[in-house]
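If you're wondering where the values come from, they're calculated on a predicted model, not measured in any experiment.
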Amino acid sequence: MSRVNHLKTVCFVLISFAFFACKKQPIVDETEDTKIILTRDSLALYIENQFENSIKIVCDDYLIFKDTLKHIYAQRDNQSLWWDALRGDSSSWANIENTFMHSERHGMKTHYYFLPLVDYYRKQIDSLKSSKESYELLASCELIISNSFLRIYEDIANGRTRPKDVFGKLYVLPLNNIKKLNYSSFLQKRNKIPTLEKLHEDDTTYQELLKILHNEQDKIKKLRTTKIDFSAYPKIEKGDSFPIIADVIQKLKEKNLPDSSIQHLKDTQVYTNELVDQIRKIQEKYSLTPDGIMGYKTYQIINSTPTDYIQQIRANLERQRWFNIPNKRPFVYINLPEYIIDLNWKDSTSSFKVCIGKNLPDNYEALVQNYTDSGMVHRIPKNMETPQIASHITNLIINPTWTIPFSIIRNEMWGKLVRDPGHLSRTGHKVYLGDSAINSDSIDWSKINRMKIPYQIVQDPGPKNALGTVKFMFHNPFSIYLHDTPNKRAFKRTQRAVSHGCVRLEKPILFGEFMMQNSKKYDADDFRIMMGLAPLDKRRLKEYDPKDTTALIQPLEETTRLWLQKPMPLYFDYRTVYFDRKWNAHQCYDIYDENKHILKAMEKLGY
């Protein structure tokens, strides 16, 4: 070869090398002694291909935003968003970590988003033997990070779970706090935290929950605590003497429960009157029956830690992301575990006590399993827990009858009727077979199959009627309603989960007066008169005569339905952390044990 031809060859090689170097092509010839060169441009092809293939390092079902990401990446020619972080730039990786860690400040957990997994695999890339393996792993890590960012964005904005997946048909509140999100814009922001903070900046309830969450998170970093083992003590009553009582006093002093007065209590191993008083305060504070007897539920409160409170807050943040209490008045709002109803007038709020559905037994799941396995499904306890509902009260019935559900006849009345067939006639009940009335005294209930009772039992209106003197109707799939009750004693209890699912009202007259603002035909005093009470208006009171049979509005003795021209909005909610009108935070006992279902659903990695 001549000198000239040799120079031409060298130049061609150099130009070719420069050309390919500018194009950032990876070295194809891979041997054990050759270092693999990876480039951002080449990764784009593998990212594009990854959308058509499964990711090997996590279950592909986790990539719930795969279609959205495919569209976002196509708009940027499938160029990597996280190249620097994946290839070892510590500042870029720290930025990703900070955003993932910030999700904990909104009640999430970082392990939801696979960051440790990505961190592990990104460090393995340079040890792989082929560029193909390296690019495929890079592409997988790229999409996992992007999917996790969108998941964080969606989780904090609209909830990590959906209430239908947690509670099924027992949740009928509207998802009125859902936000429209710009996934593409969020994903391509370098600093994503300000966007996350703006999501709920106008939601006072959410912001107040965040404050107490952050406070508890800070506490737990400083606190080391152990739980008292109550396993040998099913209950502790006044006068009992056990060494464990001294531990209880010490624990209460550490936690300042129920308040600062506990610090003055003398250390002792005896369950004294002074300690009973303190326990009653705690029970009342958490909506338990304040009987002063320490048992399972009281033990839970004594042993609770900031971690337990954080779990409560996390569950209630999720609820707030689903549903925000409306501002448009008037409306009726009930926080079920608080056992309180709020009547939100146009310019004020009235509150009083309610009773709600009975809670399932603590061992309900075990009972279901045992009765199912033994073929005795009919013995599984009926779920009487009052569901979460949004509806509208459309009418009320004065002097209602009560058609008794077959489940109550079968489980609560049948035995009594076998022993005392005359019970029904004495208590104002009528028995029907189809449309025909039957003499209840003539029925031999011992010969009736309790699982196939052919009769319908209806209680007449009157002072003994289980629904009291008035009930309030609203559309719902559970056949429940709000009503008066002749049994007022239950309202003296702190824990008022005592009904078969309907809501009993402590002040049905006030509730009826509240309803009348949505009636064009009647006002509050009309309702009072129909209920046999004097009007409140002083001018009208002067002319009022309950015996005047010519009066336009008179006390009602027959069953009468009154329709509202404008239905009244009604909400049955469930919050175990709630706020009073001055934004002071309060806790109540999770009587239906619902928080654990939300927290369990949040642990699931896909929808």
Side-chain angles (χ1 to χ4, degrees), residues 352-355 357 393 395-417 419-443 445 453 455-474 479-492 496 498-513 515-516 522 524-535 544-549 551 553-563:
F352 57 82
K353 298 175 183 177
V354 294
C355 296
I393 299 171
N395 66 93
L396 54 141
I397 300 174
I398 296 175
N399 299 321
T401 60
W402 182 39
T403 301
I404 303 176
F406 285 108
S407 60
I408 296 179
I409 300 173
R410 180 175 63 246
N411 298 324
E412 300 180 30
M413 295 181 68
W414 184 82
K416 183 183 291 185
L417 296 177
R419 296 188 301 271
D420 181 12
H423 169 77
L424 294 176
S425 58
R426 290 198 311 273
T427 53
H429 292 79
K430 287 187 172 65
V431 179
Y432 295 88
L433 183 61
D435 294 330
S436 302
I438 303 294
N439 181 355
S440 61
D441 293 345
S442 67
I443 300 173
W445 290 93
I453 296 173
Y455 303 112
Q456 190 174 64
I457 302 177
V458 179
Q459 189 177 24
D460 291 335
K464 295 182 180 180
N465 188 284
L467 306 185
T469 55
V470 60
K471 70 175 180 177
F472 302 85
M473 307 299 291
F474 56 93
S479 300
I480 65 174
Y481 37 82
L482 303 109
H483 65 88
D484 181 21
T485 176
N487 180 14
K488 307 295 185 182
R489 289 177 298 176
F491 294 112
K492 295 180 180 180
R496 295 188 290 277
V498 296
S499 82
H500 293 90
C502 291
V503 175
R504 302 176 189 173
L505 302 169
E506 180 191 28
K507 299 180 180 180
I509 301 302
L510 175 60
F511 194 74
E513 294 170 1
M515 289 297 117
M516 290 303 104
Y522 303 108
D525 273 344
D526 291 336
F527 171 73
R528 289 180 61 83
I529 292 171
M530 285 187 276
M531 293 295 293
L533 300 171
Y544 172 66
D545 181 0
K547 298 180 181 180
D548 182 2
T549 57
I553 303 296
Q554 298 185 30
L556 297 176
E557 297 180 358
E558 302 296 324
T559 300
T560 306
R561 187 186 298 265
L562 306 181
W563 289 90

[X] (side chain) donor-acceptor with [Y] (main chain) under 3.5 angstrom:
X: Gln554; Y: Thr549; value: yes
X: Asn399; Y: Glu558; value: yes
X: Asn411; Y: Ser407; value: yes
X: Asp484; Y: Thr469; value: yes
X: Asn465; Y: Thr401; value: no
X: Gln456; Y: Val431; value: no

Nearest 0.5 Å, what's the [atom1]-[atom2] distance between [X] and [Y]?
X: Trp563; Y: Asn395; atom1: CH2; atom2: CG; answer: 4.0 Å
X: His429; Y: Leu417; atom1: NE2; atom2: CG; answer: 9.0 Å
X: Ile529; Y: Met531; atom1: CD1; atom2: CE; answer: 13.0 Å
X: Glu513; Y: Asp525; atom1: CD; atom2: CG; answer: 7.5 Å
X: Ser499; Y: His483; atom1: OG; atom2: NE2; answer: 6.5 Å
X: Ile438; Y: Leu433; atom1: CD1; atom2: CG; answer: 5.0 Å

Closest non-hydrogen atom pair, [X] against [Y]:
X: Gln459; Y: Thr427; result: NE2-O, 3.7 Å
X: Lys471; Y: Leu467; result: CD-CD1, 3.7 Å
X: Lys430; Y: Tyr432; result: CD-OH, 3.4 Å
X: Ala534; Y: Arg528; result: O-NE, 2.8 Å
X: Ser440; Y: Ser425; result: OG-N, 3.9 Å
X: Gly468; Y: Pro486; result: N-CD, 3.9 Å

Handout entry: Tyr522-Phe527 aromatic ring centre distance below 6.0 Å
Key = no

Problem - Pair Trp414 and Phe406, ring centroids less than 6.0 Å apart - result: no

If we only count heavy atoms from C-beta on, is the [X] to [Y] side-chain gap below 4.5 Å?
X: Pro421; Y: Ile443; value: no
X: Phe474; Y: Ile480; value: yes
X: Ile397; Y: Val470; value: no
X: Tyr544; Y: Leu533; value: no
X: Val458; Y: Ile404; value: no
X: Met473; Y: Leu396; value: no
X: Phe472; Y: Tyr481; value: no
X: Val354; Y: Arg496; value: no

Handout entry: Worked verdict on Phe511 versus Ile393 for side chain to side chain contact (heavy atoms under 4.5 Å, CB included)
Key = CA-CA 11 Å; Phe511 194 74; Ile393 299 171; 3.6 Å; yes

Handout entry: Full working for side chain to side chain contact (heavy atoms under 4.5 Å, CB included) between Asp526 and Met516
Key = CA-CA 9 Å; Asp526 291 336; Met516 290 303 104; 5.9 Å; no

Handout entry: Stepwise side chain to side chain contact (heavy atoms under 4.5 Å, CB included) check, Glu506 with Thr485
Key = CA-CA 8 Å; Glu506 180 191 28; Thr485 176; over 6 Å; no

Practice task
Report yes or no: is the cationic atom of Lys353 (NZ for Lys, CZ for Arg) closer than 6.0 Å to the six-membered ring centre of Phe491, at no more than 45° off its axis?
Solution key: no

Problem - Working for side chain to side chain contact (heavy atoms under 4.5 Å, CB included), residues Arg561 and Ile398 - result: CA-CA 6 Å; Arg561 187 186 298 265; Ile398 296 175; over 6 Å; no

Practice task
Might you confirm whether atom NZ of Lys488 has over 12 heavy atoms from other residues, nucleotides or ligands at distances under 6.0 Å?
Solution key: yes

